[in-house]
Amino acid sequence: MEWLLTKESVVGLAVLGALPSVAASVLQVRGAISEARAKQLNWLGYGLMGLSILLFLVVGLRLR
């Protein structure tokens, strides 16, 4: 579990969270996915980014 609290993991999770959100916007504009599917992809991205923020806070509190 220690590897999850490394800087690289936290940043990687944030980037992984950004990918579905960007993909949702691009694919919806192109008409490749519906609005409902784009919303689902956005929720996935927000969830991953939220987890990254939570881990960032945990790492910060552990250093005290």
Side-chain angles (χ1 to χ4, degrees):
M1 175 105 167
E2 191 67 31
W3 63 270
L4 191 58
L5 298 176
T6 64
K7 179 180 178 180
E8 292 80 13
S9 294
V10 173
V11 171
L13 198 53
V15 171
L16 273 175
L19 292 176
S21 294
V22 171
S25 297
V26 170
L27 292 172
Q28 187 179 11
V29 166
R30 291 185 180 176
I33 60 173
S34 66
E35 183 177 339
R37 181 62 65 179
K39 189 178 271 192
Q40 289 173 340
L41 281 173
N42 271 322
W43 277 109
L44 173 64
Y46 294 154
L48 291 171
M49 287 186 276
L51 181 58
S52 173
I53 291 168
L54 179 66
L55 290 175
F56 177 80
L57 292 172
V58 168
V59 169
L61 291 174
R62 279 186 51 197
L63 294 177
R64 288 185 166 200

Measure the [atom1]-[atom2] distance between [X] and [Y] for me, rounded to the nearest 0.5 Å.
{"X": "Leu5", "Y": "Leu55", "atom1": "CG", "atom2": "CG", "value": "6.0 Å"}
{"X": "Ser21", "Y": "Met49", "atom1": "OG", "atom2": "CE", "value": "4.0 Å"}
{"X": "Ser25", "Y": "Arg30", "atom1": "OG", "atom2": "CZ", "value": "12.0 Å"}
{"X": "Leu61", "Y": "Phe56", "atom1": "CG", "atom2": "CZ", "value": "10.0 Å"}

Going by the rule side-chain hydrogen bond (donor to acceptor under 3.5 Å, both in side chains), which residues pair with Glu35 if we only count those two or more places apart in sequence or in a different chain?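 For Glu35 there are no side-chain hydrogen bond (donor to acceptor under 3.5 Å, both in side chains) partners, ignoring immediate neighbours.
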Dump the intermediate steps for side chain to side chain contact (heavy atoms under 4.5 Å, CB included) on Ile33 and Leu41, then the final yes or no. CA-CA 10 Å; Ile33 60 173; Leu41 281 173; 4.0 Å; yes
State, to 0.1 Å, how close Ala38 and Ala24 come at their nearest heavy-atom pair, and which atoms those are.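 In terms of heavy atoms, the two residues are closest at O-CB, 3.5 Å.
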Please check if the side chain of Ser52 supplies one atom and the backbone of Leu13 the other of a donor-acceptor pair under 3.5 Å.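 Absent.
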Check whether Ser9 reaches the backbone of Trp3 with its side chain - one donor and one acceptor, N or O, closer than 3.5 Å.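 Yes; judged by distance alone, with no hydrogens or angles, the pair exists.
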Would a single hydrophobic cluster contain both Trp43 and Leu54, if residues Ile, Leu, Val, Met, Phe, Trp and Tyr are joined by side-chain heavy-atom contacts under 4.5 Å?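 No, separate clusters.
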ILVMFWY network linking Leu4 to Leu51, side-chain heavy atoms under 4.5 angstrom: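 In one cluster: yes.
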Members sharing Val22's hydrophobic cluster (side chains within less than 4.5 Å): Val26
